[in-house]
Amino acid sequence: NAMKDERQEIREAIQAADRVLNCLNAARDCLQSAGNWGIADILGGGMISTFIKHNKMGRAEQELAAARSEMLSFAQELKDVNDALDIHIRIDDFLSFADYFFDGVVADWMMQKRIGDAKNQVAEAIRQVGQIRSQLQRL
């Protein structure tokens, strides 16, 4: 029955990873779109492109807030897997990355560079969560 419990813990951790990745992918898409509308804005798009850009940035912030919450849940699931299987996913490293990531995603997205920086950070978070998810699937 311990084996069944371990499988369940792994399944829950993978599901938690999927929830984080869904939020991060949605945030990435919003940032991509905000960046595109920002370029239109720079090229003289006017009020409409400014409004759409701000709307997309607001959506990205919402997705990142959801991702932060899901990341905490994912970290808890990883601890359960670690306790059950003693596999040593480096949770502390992962959590410090997550803390750094969310501290670095800034609310002032107005400049294109900020949008680009946020996109890079989101891509790195997607890579790290995906890497851990792959490890879980191999268990």
Side-chain angles (χ1 to χ4, degrees):
N1 219 6
M3 184 67 152
K4 186 178 176 188
D5 290 345
E6 290 171 2
R7 289 275 135 226
Q8 181 63 26
E9 297 293 356
I10 292 167
R11 210 171 12 259
E12 288 172 3
I14 290 171
Q15 289 166 352
D18 287 341
R19 290 191 301 271
V20 173
L21 289 169
N22 284 341
C23 295
L24 290 171
N25 283 319
R28 182 192 57 200
D29 293 346
C30 291
L31 288 166
Q32 182 65 47
S33 185
N36 293 343
W37 282 103
I39 291 167
D41 206 14
I42 289 167
L43 297 175
M47 280 178 42
I48 302 276
S49 60
T50 300
F51 172 78
I52 294 172
K53 177 182 73 174
H54 285 275
N55 182 280
K56 296 291 181 185
M57 292 186 302
R59 287 267 319 282
E61 284 184 295
Q62 289 170 351
E63 293 295 348
L64 289 169
R68 178 191 289 260
S69 171
E70 295 295 355
M71 193 79 85
L72 293 173
S73 170
F74 180 42
Q76 188 56 54
E77 295 295 344
L78 286 178
K79 283 182 183 166
D80 293 346
V81 169
N82 255 17
D83 291 345
L85 300 178
D86 196 32
I87 56 160
H88 306 302
I89 288 173
R90 295 173 63 172
I91 293 170
D92 292 339
D93 289 353
F94 175 70
L95 283 177
S96 62
F97 158 75
D99 289 344
Y100 168 78
F101 167 73
F102 284 112
D103 285 345
V105 175
V106 290
D108 174 21
W109 313 72
M110 295 312 167
M111 300 179 323
Q112 288 299 104
K113 182 184 179 325
R114 295 251 192 230
I115 293 170
D117 289 347
K119 282 190 330 199
N120 290 340
Q121 288 179 306
V122 168
E124 177 60 14
I126 289 168
R127 189 188 68 72
Q128 290 219 7
V129 173
Q131 208 170 39
I132 293 171
R133 188 185 186 286
S134 294
Q135 287 180 341
L136 291 167
Q137 284 188 299
R138 286 194 293 271
L139 294 175

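Side-chain atoms are counted along with the backbone in the values below, which use heavy atoms only and exclude waters and symmetry mates. This chain uses plain numbering: 1 for the first residue, then up along the sequence. Keep in mind the model is a prediction, meaning the values are calculated, not measured.
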In chain order, what residues pass the side-chain hydrogen bond (donor to acceptor under 3.5 Å, both in side chains) check against [X], with sequence neighbours excluded?
X: Q137; result: R133
X: E63; result: none
X: E12; result: Q8

What residues form a side-chain contact (heavy atoms from CB on, under 4.5 Å) with N25, not counting sequence neighbours? L21, R28, I126

Partners of Q62 by side-chain contact (heavy atoms from CB on, under 4.5 Å), sequence neighbours excluded? R59

State the [atom1]-[atom2] distance between [X] and [Y], to the nearest 0.5 angstrom.
X: L139; Y: R7; atom1: CG; atom2: CZ; result: 7.0 Å
X: C30; Y: E61; atom1: SG; atom2: CD; result: 10.5 Å
X: D18; Y: E70; atom1: CG; atom2: CD; result: 10.5 Å
X: S134; Y: I14; atom1: OG; atom2: CD1; result: 9.0 Å

Provide the closest heavy-atom pair for V129 versus A17 in the form atom of the first, atom of the second, distance. CG1-O, 3.8 Å

Which heavy atom in E9 sits nearest to a heavy atom in V81, and how many Å separate them? O-CG2, 3.4 Å

May I ask you to check whether Q135 and Q131 show a side-chain donor-acceptor distance below 3.5 Å? no

Partner residues of E77 under the salt bridge (Lys or Arg N to Asp or Glu O under 4.0 Å) criterion, sequence neighbours left out: none

L72 and Q76: side chain to side chain contact (heavy atoms under 4.5 Å, CB included), yes or no, with the steps? CA-CA 6 Å; L72 293 173; Q76 188 56 54; over 6 Å; no

Main-chain N/O of D29 paired with S33 side-chain donor or acceptor, under 3.5 Å: no

